[in-house]
Number of protein chains: 2
Amino acid sequence: MGRDALTVPLIAARAGVTPSTVYRRWGDLRELLSDVAVERLRPEAPPADHGSLRADLEAWAVQFAEEMSSTAGAAYIRDALLGDPEQGNAARCSDYAAEQLKAIGVRAAGRGEAVPGVETLLDVVVAPLMYRILFRPGDLSEDYTGHLVAAALGRLAPPPAPPAASPPAEAHKS
Amino acid sequence: MGRDALTVPLIAARAGVTPSTVYRRWGDLRELLSDVAVERLRPEAPPADHGSLRADLEAWAVQFAEEMSSTAGAAYIRDALLGDPEQGNAARCSDYAAEQLKAIGVRAAGRGEAVPGVETLLDVVVAPLMYRILFRPGDLSEDYTGHLVAAALGRLAPPPAPPAASPPAEAHKS
DNA sequence: CGTCGGACGCAACTTCTTCGCGTTAAGCTG
DNA sequence: CAGCTTAACGCGAAGAAGTTGCGTCCGACG
């Protein structure tokens, strides 16, 4: 069935209820789609353990980029952003990513690795990916994702030791 | 008039045409609003010259953040993203920012300053701002914007000399 | 057992959306 | 300049979607 041919009466018929029931519960097709999108964007499993912070982050970021840049993923993001007056659903999406990154972080900290803060990871890895997905379609590559992770690891926390590798200066070019 | 009470027949009446004319030209209310939003988001003037790359970037980023995080600005961004099947309008928004940053960059290069690439600036400054505006409303401060600019300047280009200051390690915390 | 509240179906009503037809105006050709 | 072509618009009807009030059913509570 067509993506934007979806209407409340169709959904109601599929659900075996009358359209008025759907309108009363959600009030709007966009709000319903927004709730559905958030549900679909919820991660199903904790991030996989690949033995190191870098490997975990790269694997997670690549999977994240693939999911979100797919046709379906991008549609979900847009739906989640749209029918959402108080931005509650959008914040939930960000929280999902933050939870996953947090899990990766505590696991790495348990190994004794230096770990960037969740805020830093959101800024350096998630935000650029999302920005490209939303505003610059077709501009994503696995190399780029790896570059973002490297940039995040270039901003490590002061506690344990000085950062081993120097930050990649001006890596990525248009 | 109410924001989402806007309908095609209302716009047509205001424009002095029949609704069918509007439907034929745009096909959809969302596409019309998307075009309007892009027009409103177009920068009116080149970025102001404050004498240094850092000052120019900070001023531009602060103004950008203010505009985009305002109620009207956020609504425009959402409209631009929404009614836009081929993502042409979203790409245009990104191009606007890229043009402004490019102008700041060439001006700084004319002064002999080391300049981060436009891609880097989009990743490090624009993307985090947009991500917060879209996914984490109410999470923007001027300090944060300055922090982003500082992070961008921490990633300078290799040509002139090795980066003077070390990158700010793990500055910003939730 | 009686009452209350919430949720739903039903149906009428309003508004939006689509589509075909006739008209008008601009541009081009002979 | 006359005639033709094309694109855009107005008009009106038909179809679909969105909105609302009323009656009914079912579970909860006293």
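These values consider heavy atoms only, across backbone and side chains, with no hydrogens, waters or symmetry-generated copies. Since the model is a prediction, treat every value here as computed from it, not as a measurement.
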Per-nt protein contacts along nucleotides 7-14 of chain C (heavy atom under 4.0 Å; B base, S backbone sugar-phosphate only, - none) come out as -BBB----
Please work out which residues in residues 27-35 of chain A have a non-hydrogen atom less than 4.0 Å from an atom of DNA chain C and list them by number. none
Residues B:L134 and A:A90: closest non-hydrogen pair is O-CB, 3.4 Å
Would you say that A:L153 contacts A:R54 through its side chain, given a criterion of any heavy-atom pair below 4.5 Å between the two side chains? yes
For A:S70 and A:G73, the nearest pair of non-hydrogen atoms, with its separation, is OG-N, 3.0 Å
Starting from P on C:dT17, measure out to CH2 on B:W26 and report it in whole angstrom. 15 Å
Measure the distance from OH on B:Y23 to P on C:dC16 and round it to the nearest whole Å. 7 Å
Whole-Å distance separating the CG atom of B:D4 from the C1' atom of C:dT15: 16 Å
All heavy atoms of B:A48 vs all of B:D56, minimum pair found to be O-OD1, 3.4 Å
Test: A:R136 cationic atom under 6.0 Å from A:Y131 six-membered ring centre, within 45° of axis: no
Ignoring hydrogens and angles, state whether a donor on the side chain of B:N89 or B:S34 is under 3.5 Å from an acceptor on the partner side chain. yes
Quick one: do A:I77 and A:C93 satisfy side-chain contact (heavy atoms from CB on, under 4.5 Å)? Show the steps, please. CA-CA 8 Å; A:I77 297 174; A:C93 292; over 6 Å; no
In terms of relative ring orientation, are A:F64 and A:W60 parallel, tilted or perpendicular, with 30° and 60° separating the classes? parallel
